[in-house]
Structure formats: C-alpha cells, structure tokens
Amino acid sequence: MTPDRADVAIVGGGIMGSALAYWLTRLDPSSSVVVIERDPTYSTASSTLSAASIRQQFTTPINIRISQASIGFLRQADELLEVDGIGVDIGLKEHGYLYLAQKFQVASLRRAHAIQRELGAEVALLDPTELASRFPWLHTGDLAAGSFGLSGEGWFDGYALLSAFRARARAQGARYLRGEGCGMRTSGGRIGSVRLDDDTEISSRYVVNAAGPWARSVAKLAGVELPVAARRRTVYVISCPAKL
Ligand SMILES: Cc1cc2nc3c(=O)[nH]c(=O)nc-3n(C[C@H](O)[C@H](O)[C@H](O)COP(=O)(O)OP(=O)(O)OC[C@H]3O[C@@H](n4cnc5c(N)ncnc54)[C@H](O)[C@@H]3O)c2cc1C
C-alpha cells in the first residue's frame with residue numbers, strides 16, 4: 001500500500017490534538033495535517049470526562065501564564081472557531097474559584113496569592129469576615145482565609161469546545177482519520193511514518209503524541225519510554241436542599 005503523506009501526523013484527537021491541528025492549519029494554511037483518532041465518540045478521553053473549568057489560581061508562573069493566554073482565547077472562541085459564518089457557543093461562565101484555608105494552610109495560600117498577583121491575576125484574599133459577607137451560606141467557623149478569583153475563572157462546555165476545534169481545524173484543511181496508531185517506522189533516530197490498525201501508513205515529517213493518558217503506549221511505538229501514567233480523577237456533583 002502506498003503511504004499517505006502529511007507534514008504533521010497527530011496521534012490522538014482530543015482537545016490537545018485538535019487544538020494543535022487548529023493552530024497548525026491556522027498559522028500555516030499550506031501545511032498538511034492528519035489527526036489519527038481511534039474513538040471519535042471520545043467515550044474515555046479526558047477531554048470529554050473533564051469538568052471543563054479554568055482557573056488562574058496556580059502556584060507556578062508558567063501555569064498562570066498559560067491560563068491567562070487560555071482565558072483570552074476562550075473569551076473569543078465563539079468567533080475564532082466559527083465555520084462558514086456560523087459561530088459556536090462554548091458557554092463560558094466566569095464565576096471564579098474559591099479556595100479555602102484553615103490556619104495551617106494560610107501560609108501556602110498567601111504564597112500562591114503573591115505569585116498570582118505579581119503576574120496580574122485578579123485574585124482576592126479574604127479573611128473569615130469577608131468570606132462570610134460575600135458567601136453568607138458558607139460555614140466559616142473553622143476557616144482562616146480564602147482566595148477567590150475575580151476574573152478569568154469559571155467553566156465552559158468542554159465538549160462544545162472540542163467539537164469546535166475539530167470542525168474549525170477540518171475547515172482549515174486538517175484531515176481526521178479514524179484508526180489506532182499501532183506502529184511507527186523509525187530510521188536514524190527519526191520517526192518516518194505511523195501505521196494504523198487497518199494497515200494504512202501515514203508518512204510524515206513530524207509525528208505528535210497527543211494521546212493523553214495513553215501517551216506512554218504511543219511513545220513506546222517509537223521505542224521511547226515516557227514517564228506518563230494515568231491517574232484517577234473524581235468529579236462530585238452535589239445537590240443542595242437550600243437555595244444558595
Ligand atoms: C475527571 C477529570 C476532570 C478534569 N477537569 C479539568 C478541569 O476542570 N480543567 C482543566 O483544565 N482540565 C481538567 N482535566 C484535565 C483535562 O481534561 C485534560 O488535561 C485534557 O482533556 C487532556 O486532553 P488530551 O487531548 O491530552 O487527552 P484526551 O482527551 O484523553 O485525548 C487523547 C485521545 O487520544 C486517543 N488515543 C489514545 N491512543 C491512541 C492511539 N494509539 N491511536 C489513536 N488515538 C489514540 C484517545 O482515544 C483520546 O481521544 C480533567 C480531567 C479529568 C479526567
């Protein structure tokens with residue numbers, strides 16, 4: 001079988017692979033980009049299981065800067081990701097994260113807050129009286145402080161964002177192939193092609209591993225040992241008998 005060709009082959013079409021396909025075809029419309037995704041329903045992908053929230057309250061400058069860039073994109077995503085003049089609705093709601101600290105946690109809350117403020121994140125540090133007045137339903141008896149994001153934090157429709165990146169990337173010329181990346185041909189330390197489970201071969205100058213929690217097994221296809229392991233995350237949905 002003659003190999004299919006692409007400038008960039010991306011293994012994994014979740015939010016990372018699809019956002020990358022969008023950016024590559026936006027920045028260089030002449031580039032040929034192929035996204036290989038084994039499960040287009042995304043039934044076990046992190047991108048569809050995600051709580052799809054964004055915060056600025058991180059403890060390292062790099063994470064804060066990434067979030068600052070991301071909120072700027074999310075605020076304009078409905079227009080930036082439109083296809084044929086039809087906009088999307090990712091339903092961004094900027095309602096803030098609230099971190100709470102007991103006495104022994106205050107020092108680290110203050111340290112993180114100082115880094116966030118230094119980088120321009122709008123985060124307010126609140127004492128128990130301020131917490132009680134802003135959130136009257138909150139039991140503050142055992143709290144020493146809280147930090148609350150005043151802007152740039154909240155949630156959105158993660159599946160809508162993923163679908164919009166896919167649709168826009170396709171409209172810009174990216175191709176999505178349904179299949180599992182099962183093998184890679186390497187020569188002289190470089191990856192030359194990816195083989196799919198139906199024996200299709202994509203020869204490509206660059207191969208991107210965007211397989212999320214499966215990144216380790218995809219790296220192994222190229223003989224690379226990557227220390228990535230899946231970890232369970234749990235999302236609780238709480239219903240409250242009283243109106244907050
Ligand atoms: C429960 C939960 C809650 C979360 N909440 C948040 C949150 O609120 N805010 C936040 O920012 N982040 C959150 N995250 C993290 C966020 O969802 C992930 O960082 C992000 O979705 C990762 O995207 P990804 O594209 O790298 O991986 P994925 O979405 O997992 O995509 C990887 C894709 O690769 C495909 N694939 C794997 N192997 C192969 C192969 N060999 N061939 C072809 N395809 C392959 C898979 O089918 C999958 O679709 C949460 C994660 C979880 C699990």
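Read the numbers this way: they start at 1 and go in the same order the structure lists the ligands and their atoms. Note that these values count all heavy atoms, side chains included, but never hydrogens, waters or copies made by symmetry.
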Per the under 4.0 Å non-hydrogen criterion, ligand 1 touches V11, G12, G14, I15, M16, I36, E37, R38, Y42, A45, S46, S47, L49, S50, A51, A52, S53, G179, E180, G181, A210, A211, G212, P213, W214, V218, R233, V235

Check your understanding: Angle class for the F73/Y22 ring planes (parallel below 30°, perpendicular above 60°, tilted otherwise)?
Key -> perpendicular

**Asked** Any cation-pi pair here, R166 with Y176, using under 6.0 Å and within 45°?
**Response** yes

Give every donor-acceptor pair under 3.5 Å between a side-chain atom in residues 231-240 and any protein atom, sequence neighbours left out.
none

In short, salt bridge (Lys or Arg N to Asp or Glu O under 4.0 Å) pairs touching residues 25-52 with sequence neighbours left out are R38-E180

Those residues at least two apart in sequence (or on a different chain) that pass salt bridge (charged side-chain N to carboxylate O under 4.0 Å, His left out) with R178 are none

Using modelled atom types and a 3.5 Å cut-off, is there a donor and acceptor pairing between side-chain atoms of Q68 and backbone atoms of L119?
yes

